[in-house]
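Just so we're clear, the structure is a prediction, and the values are computed from it rather than from any experiment. Chain letters run A, B, ... following the sequence lines, proteins first, then strands; residues in each count from 1.
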Amino acid sequence: MSYWLVKSEPETYGWHQFIQQGRAVWDGVRNYQARNNLMAMQPGDLVLFYHSVTKPAVVGLARVVRGAYPDPTVTKVPNRWVVVELEPVLALDKPVSLGQIKADPRFAAIALIRQSRLSVMPVRPDEFDRILELGTLVDGDQ
DNA sequence: GCCAACGTTGGC
DNA sequence: GCCAACGTTGGC
């Protein structure tokens, strides 16, 4: 099983809309590195859902429910682009902000910082665990 | 194949 | 709104 992070601008497609729809076809990716990451996703892989631009933060967790297939929104031949399908798993109790991630030395190598413009990227297991830990309320919080 | 110009992403 | 990073396009 692998871990991933996907970015979305909340004004275009936000976590709230994702929850309401219950499932998302992750289309519109037009960068080869991001596409290659989509192609490596397998059903069951876990995906951090990140809001970019306004209040940048990881806001929730999703799961891959269908692996890569050709992007149906592309009409040009040959179609070089793919989509995956995602469903929500849980909202984080507390969004984990980009500022928090940048401030934590455990995230020194995270692709989110090192390749700030990439929209679909792998996340290491230790990074994934740490983000869930930061995003989860425990006794003593609040 | 190189590189300048230009467009896009995304943080601040 | 600005700008850094970086991907793409097109002239040569």
How close or far is atom [atom2] of [N] from atom [atom1] of [X], stated in whole angstroms?
X	N	atom1	atom2	value
Arg114(A)	dT9(B)	CZ	P	24 Å
Gln115(A)	dA5(C)	CD	P	14 Å
Lys7(A)	dG10(B)	NZ	C1'	7 Å
Ile101(A)	dC12(B)	CD1	P	11 Å
Ile113(A)	dA5(C)	CD1	C1'	15 Å
Asn31(A)	dA5(C)	CG	C1'	13 Å
Leu118(A)	dG7(C)	CG	P	9 Å
Leu112(A)	dA5(C)	CG	P	16 Å

From [options], nucleotide with atom closest to [X] side chain:
X	options	answer
Pro56(A)	dG11(B), dT8(C), dG7(C)	dG11(B)
Ser52(A)	dG7(C), dC6(C), dG11(B)	dG11(B)
Leu98(A)	dC6(C), dC12(B), dG10(B)	dC12(B)

Applying the side chain to side chain contact (heavy atoms under 4.5 Å, CB included) test to Leu92(A), which of Leu48(A), Val58(A), Leu137(A) qualifies?
Val58(A)

Just to be sure I understand the rule, does Lys55(A) reach a base, reach only the sugar-phosphate, or reach nothing, if contact means heavy atoms closer than 4.0 Å?
nothing

What orientation do Phe49(A) and Tyr13(A) show, parallel under 30°, tilted 30 to 60°, or perpendicular over 60°?
tilted

Considering just the side-chain nitrogens and oxygens of Tyr32(A), establish if one lies under 4.0 Å of OP1 or OP2 belonging to dC6(C).
no

Nearest-0.5 Å distance, CD1 of residue Ile110(A) to CD of residue Gln115(A):
12.0 Å

Roughly how far, to the nearest 0.5 Å, is the CE atom of Met41(A) from the CG atom of Asn37(A)?
7.0 Å

